[in-house]
Amino acid sequence: MTERAAAPIEVEFSEPRGPIRWRRWLGLSLPLAIGLVFLLAGVLADDLAPHDPSFIDLSARLAPPVFDGGTWDHPLGTDDVGRDILSRLMHGARISLIVVAIVVPGSAAFGTLVGMASGWLGGSTEQILMRIVDVQLALPAILFAVLLGSIFGPSLRNVIIILLIWTWSGYARLVRSEVLSLRERDFTTASRALGAGGWWIMRKHLLPNVVNTIVIIMTLEVAIVIQVEAALSFLGVGVPAGTASWGRMITEGREVMIVAWWPIWLPGLALLTISLTGNLMGDWLRDRLDPRLRHLH
Amino acid sequence: MQFWNYVAVRLLQTIVVVFVVATIVFFVARLVGNPESFLLPYEATDDEIETVRERFGLNDSLIVQYGHFLGDLVQLDFGTSYRGAGTSTIAAIGDRAVNTLKLTAAGLVFAVCLSIPLGIAAALRRGRFTDWLARLLAVFGQATPSFWLGLMVIFFFAVELGWFPTGGAEGFKSLILPAVSLGLLEMAAIMRLTRSGMIDVLGADFIVTARAKGLRERTVITRHALRHALLPVVTVLGLGMGRLIAGAVIIEVVFAWPGVGRLIIDSIVQSDYPMVQTAIIVLAASIALANAAVDVSYRLIDPRIRVGGLG
């Protein structure tokens, strides 16, 4: 027995005029297509990339992209030491994908568990867990990241650990508040009266009811995770120097910003595009699954 | 006086949070190796090293060091910096904190002043050009990485056009670019929330009644609809304060802004733990206080909570 939203909520989609159908179709298929391109580029970077992403060729430094007077040898040009930007973007996509693939499901699982436990058990468990969430909200994670990065040296592992620590509390708070209202509902009480254990109720009654919320946050979290990874790499505490990551590429592009636009614009645009895609997909899901969550993001 | 009870409890919680943050920072900062190597010339003798370790209490066990740290903290003594001939860390941070405060406040002002009018305008002209433009701005504002945006605006408005300085904190002009880069994300978030809140509330019965009473449209919007629509905005603003303070760290690095964030990053490079420790505690305390202030003001604003809370 599963129940969805508390009351049927009237959702009015917001295009009162214009060709509604193709817009709505585009609203989903365009982000999906871009997401797919990103996924393929990252997964198949070794096979698809035209060059070795860290191959330095000083004779070809700062070659412009093909649409700005360059050649097809380097379709998106080269950076200040002659590395192929397209290949670096693809390998950078892989770094972002790895981070997303570990952090998003990981923090969702942990945050959901904490949220359910504190909502269901209540009492001192709830108090302690929620104070931990408070601490986390007050500790500027970016500073913590810089601190950890300076101690253990920049590495992908640090980035992943920091992002895991940073993102789980969002799930925990939302899931907790949903569980708080669910536990008083008739179907939970009935189930308890029939002798169901806490674990059973959580699995069979609570989880199906919060799964929408979790999926929506996970989608919106993709863009955040990718951006934070880039920001940490930009500050020099993310992935090690030399690794092809979008944040690193922006740092390196900054040095030659005045003479060449592409080394800083292209990774920035990649970051912007993928964030847009994640947010649009999250919005789309939210409008359809749970419009009450509009305040997220 | 249930309200004041609530304020007291919330303040107490804030103190506990700051205490825990301080503890975490203390132990994490102690994980790094030898600060004496930064304090002394390369060729220092063992004796000299020993004197320095003794002076900063680095020879005591971790627990004893922690005890001293807590004792000083309670007396609001945050210790002295390893660098600059024993300057008090809190004094050094004081100057920087003013700059960070300026930057954060400017970012917040930019976000609020632009987002709320824009959100209202978009809601009132739903589906028309204004709405379309506002939503486009929101979507891009939320997806643009702030550090990249910062570099781009430096390039266009400072290097190419020369309208603003490229960095530093010299007067009002130097504040504009960093504040806009910092505030854009919050701007987009508050704008979206205002818009959707207004759209919801404009269909409500009490708005229809207000119009039916013959009130001017302006009064209906500002006195009736807006008050209602802004409630969720206050909550988001609270979390936004934390995001702004944390985001200021990156923006300070991009714009060479002499704030606490940059101080922390510089101090980490120099292994100046007391400085890092104090700066992070100060930032965390200000975020925790901001969160508490928002919770308290939420009780004051929302009549439903107020009735329940004050009895």
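Chain letters run A, B, ... following the sequence lines, proteins first, then strands; residues in each count from 1. The analysis underlying the following values was restricted to heavy atoms, covering all of them including side chains, and did not include hydrogens, waters or symmetry mates. The shown structure was predicted, so the numbers you read here are calculated from the model rather than taken from an experiment.
Atom CG of residue A/L272 and atom CD of residue B/Q142 lie 12.0 Å apart, to the nearest 0.5 angstrom. For the atom pair OG (A/S233) and CZ (B/F147), the distance works out to 8.0 Å, reported to the nearest 0.5 Å. Here the CD atom belonging to B/Q13 is positioned 7.0 Å from the CD atom belonging to A/Q127, to the nearest 0.5 angstrom.
For B/V276, the part sitting under 4.5 Å from any heavy atom of chain A is the side chain, from C-beta outward, and nothing else. The contact between B/V254 and chain A is made by backbone and side chain atoms together, counting heavy-atom distances below 4.5 Å. For B/I24, the part sitting under 4.5 Å from any heavy atom of chain A is the side chain, from C-beta outward, and nothing else. For A/I132, no part lies near chain B; criterion is any non-hydrogen pair under 4.5 Å. Both the backbone and the side chain of B/L151 come within contact range of chain A, with heavy atoms under 4.5 Å apart.
A side-chain donor-acceptor contact under 3.5 Å links A/Q227 to the backbone of B/A143. A donor-acceptor pair under 3.5 Å links the side-chain atoms of B/W148 to the main chain of A/I264, judged by distance alone.
Residue-environment remark: CZ (A/R157) stays at or below the threshold of 12 foreign heavy atoms within 6.0 Å.
A 4.5 Å side-chain heavy-atom check between B/I265 and A/L235 finds at least one atom pair inside the cut-off. For the pair B/F19 and A/V135, the minimum side-chain heavy-atom distance is 4.5 Å or more.
Closest approach of B/F155 and A/I258 over heavy atoms only: CE1-CA, 3.8 Å.
Listed by chain and residue number, nothing satisfies the side chain to side chain donor-acceptor pair (under 3.5 Å) test with B/S181 (two or more places apart in sequence, or in another chain).
Among A/L271, A/L269, A/L276, A/V228, the residue with the largest count of heavy-atom pairs under 4.5 Å with chain B is A/L276. When each of B/L149, B/T144, B/V20, B/I281 is checked for heavy-atom pairs under 4.5 Å with chain A, B/T144 comes out on top.
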